[in-house]
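Convention: sequence-line order gives letters A, B, ...; per-chain numbering from 1.
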Amino acid sequence: MMNKQFDTCEIVHIPEKEPHDLHNQPTEFVFASAIDPQNANHIVRRLNQIAPLENLRHVKRIQKKVLERGQVQLSVILCAASEGDNQLDSVPPALQELISSFQLSPFITKVCKYAATSKEEWQEQCKIWPTSYHPRTYNIDGITGFSDENSECIFKFMQSAMELATSDGVVVNAAVIVDPSAKQIISRARDQVFAWSTNKENSSIDSSCNRKSEFSSSDVISNNFATHESFQVNESNNQLKQPYTGVACLYPWQWAKQQLHSQSSYYCHPLRHAAMVAVESSAARDRYIFPSEENNGEKPLELDHENPSSTSSPAKRQKTVCTTVENDDDQLKARNQSSNQLLERPYLCTGYDIYLVWEPCTMCAMALVHQRIRRIFYAFPNRNAGALGSVHRLQGEKSLNHHYAVFRVLLPEEALHKCHTEVPQT
Amino acid sequence: MNDSCSETVRLMKLAIDQANLAMDALEVPVGCVIVHDGKVISSGRNRTTETRNATRHAEMEAVDVLLEQWQKNGLSMSEVAEKFSNCTLYVTCEPCIMCASALSILGIKEVFYGCSNDKFGGCGSILSLHQNSTDSPNNEVPLGKGFKCTGGIMASEAVLLLRTFYEQGNPNAPKPHRPVAVASDKNELELVHQ
């Protein structure tokens, strides 16, 4: 079976929080005291005013213990304490007052520092001090695993990103935005920090390619990943052998060190990382397919089919890898016009996935939050500047208004170097 | 009020002018100016609705103007880097995580902002990317560049703009699944694109 070749490759969910050892979760010290249940309401209300537990919102204020003979003992958290701080010197006067008026005898105890991310974690936490647990209310496909068919698609799109990353000499990062419901590529882009073009408008259209790449289940999967059995991808093997200094997200600050002469025809833009360009292209595609109705003064993006050359532009020539399907734009637009009433314009990239060869930097990861990407797949971690688990973990920043699910497709470094030498079977 | 302070307010007023332009165009009202040698050399305002690209924040717009200009003038990359290292940004709202990261990548010298950005802020509210100064051990490529950052410049004017915008309803926001109450507090404002 052709699924066999994927057996050794894993797709790993990168959770919102760094996983903790279940029995060794980080804790913090607090002052607590046993209280008379009759005073519980009053004391808790007062404590919430004078000493709210700002960073321990998941911790319950009161612990209830049932002692022998059915006796109930209540203990309440007074305030946070620092380690080795047995004195109550630093507590605010209002709290001191409360302690003396109810004749409390504070003691120091531990609570779990972070909210539980699983039922198992929560059960362990409550053995120390009760906490609250809010199970994930949303469910994004894949967190609980992928079917074989979905895995195949995921590998195919990742392969497409890898081909793009290695398609032009210097290995750069590459991004492929996909509509998973239609198995359709929305936009694709390479890093454009250094591009042989002085015309930004050209490069943005080029990279969009507006190429529709529909995979049917009968498609033959290319053999590029067939040799995986020989590679063991494990944590100790995480360090890539090459530095890949051309990858913008790995070395975001490197651009300033480039020795390039002003006479060169390089177009330099330190922020045009692959993900940023792919987002821009998907936006351009959106404006093209769904021209603004209320504002006809806004000129939709012009794509010249009759004269696709302007071959004088070096950026156009660079595009040879994407020129295989010539009438894409026409097809795309025709298809859309025929079904315009049925097609609802998506809000930004809602529902779309992005495939990146390297874990994105903070700028790119936040851009993907803004653009409402649904899932991110990347192959290689980015220890320098990665924002999806390596340096930051944006998928776990609760305050953000959108959260994507993040997956790592575990692939050996060799996969990167194989994909541009082998021609996919069709 | 001393001279440098009144100068800061004068420049922030120009950023607010930009935010007003965004408001007039039904965009989330955030604006900015970039200053070099005491001169305003670029300005920008939010353009996320028009472009359908939620990364087109005021800062990114203003930066693109400069890069295009400098490119035209034939500046080398090290000259571009040198330029940015002498630039100061005045923006009406704390740069989001993406923009703060971008400003760090560009190596900007200093940022003044109006109101803080409690949901997305990358200069102290959620992450502190402006403090992210780490040089690599062998002094080759840095793994972070910090910048000086001061908030609270004309914050109430900046908040008022955002509040006015969201009270009249953000036409570009997705339809809520449930009806939502109109936020009355700055902290509850849904800063959809900034």
Side-chain angles (χ1 to χ4, degrees), chain A residues 194 198 200 245 248 251-264 266-273 275-276 279-287 290 292 295 298 345 347-350 361-372 384-385 387 391-392 394 397-401, chain B residues 26 48 50-57 60 63-64 67-68 70-82 84-85 96-107 117-122 125-127 129 132 136 140-145 171-175 190-194:
Chain A
F194 313 105
T198 48
K200 206 180 87 196
T245 49
Y251 304 96
W253 292 273
Q254 166 131 322
W255 67 275
K257 306 270 175 181
Q258 291 291 319
Q259 301 297 322
L260 285 173
H261 303 292
S262 51
Q263 302 306 320
S264 88
Y266 259 119
Y267 177 77
C268 162
H269 194 309
L271 306 181
R272 288 183 74 77
H273 295 196
M276 303 295 287
V279 162
E280 182 183 88
S281 302
S282 75
R285 177 187 181 274
D286 188 78
R287 296 195 304 269
F290 304 96
S292 161
N295 177 14
E298 188 192 341
R345 170 151 76 96
Y347 177 66
L348 304 174
C349 284
T350 302
C361 70
T362 311
M363 173 182 70
C364 292
M366 190 61 199
L368 299 175
V369 172
H370 285 314
Q371 200 69 7
R372 304 294 203 278
N384 293 347
V391 178
H392 298 291
L394 290 197
E397 290 294 341
K398 286 272 184 286
S399 75
L400 305 182
N401 64 345
Chain B
L26 300 178
T48 53
E50 177 195 326
T51 56
R52 302 186 203 172
N53 179 343
T55 71
R56 297 314 299 168
H57 289 181
M60 303 301 246
V63 161
D64 278 4
L67 282 166
E68 202 165 312
W70 291 339
Q71 196 82 32
K72 248 185 225 160
N73 298 351
L75 262 61
S76 72
M77 256 172 258
S78 55
E79 286 168 325
V80 168
E82 171 71 21
F84 274 121
S85 71
C96 76
I97 289 168
M98 173 188 73
C99 289
S101 183
L103 294 166
S104 161
I105 291 172
L106 297 172
N117 185 339
D118 298 329
K119 289 198 174 213
F120 305 141
S125 290
I126 308 300
L127 297 181
L129 299 163
N132 183 23
S136 58
E140 278 176 0
V141 183
L143 292 176
K145 269 187 199 165
N172 193 43
K175 288 196 183 70
E190 171 81 341
L191 299 178
V192 172
H193 286 133
Q194 183 66 40

Spatial distance of atom [atom1] ([X]) from atom [atom2] ([Y]) [nearest 0.5 Å]:
X       : Y       : atom1 : atom2 : answer
Q371(A) : N53(B)  : CD    : CG    : 5.0 Å
R52(B)  : R287(A) : CZ    : CZ    : 7.5 Å
I97(B)  : S399(A) : CD1   : OG    : 6.5 Å
L348(A) : T48(B)  : CG    : OG1   : 8.0 Å

Stepwise side chain to side chain contact (heavy atoms under 4.5 Å, CB included) check, H392(A) with L129(B): CA-CA 11 Å; H392(A) 298 291; L129(B) 299 163; 3.7 Å; yes
message: As an exercise: rank L368(A), L400(A), V369(A) by heavy-atom pairs under 4.5 Å with chain B and give me the winner.
response: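 The candidate making the most pairs under 4.5 Å is L400(A).
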query: Can a donor-acceptor pair be found between the side chains of H269(A) and D64(B) at a distance below 3.5 Å?
result: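 A donor-acceptor contact under 3.5 Å links the two side chains.
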Looking at every non-hydrogen atom in both residues, tell me the closest pair between [X] and [Y] and how far apart they are.
X       : Y       : answer
M77(B)  : F194(A) : SD-CE2, 3.0 Å
S101(B) : M363(A) : OG-N, 3.1 Å
L106(B) : W255(A) : O-CZ2, 3.7 Å

With side chains defined as the heavy atoms from C-beta onward, is the minimum distance between [X] and [Y] less than 4.5 Å?
X       : Y       : result
S104(B) : T362(A) : no
Q71(B)  : C268(A) : yes
K119(B) : E397(A) : no
H273(A) : I105(B) : yes
C96(B)  : H370(A) : yes

- request: List in chain and number order the residues that pass side chain to side chain contact (heavy atoms under 4.5 Å, CB included) with A365(A), two or more places apart in sequence or in another chain; answer none if no residue qualifies.
  value: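 Listed in chain order: P360(A), A387(A), L388(A), L394(A), Y404(A).
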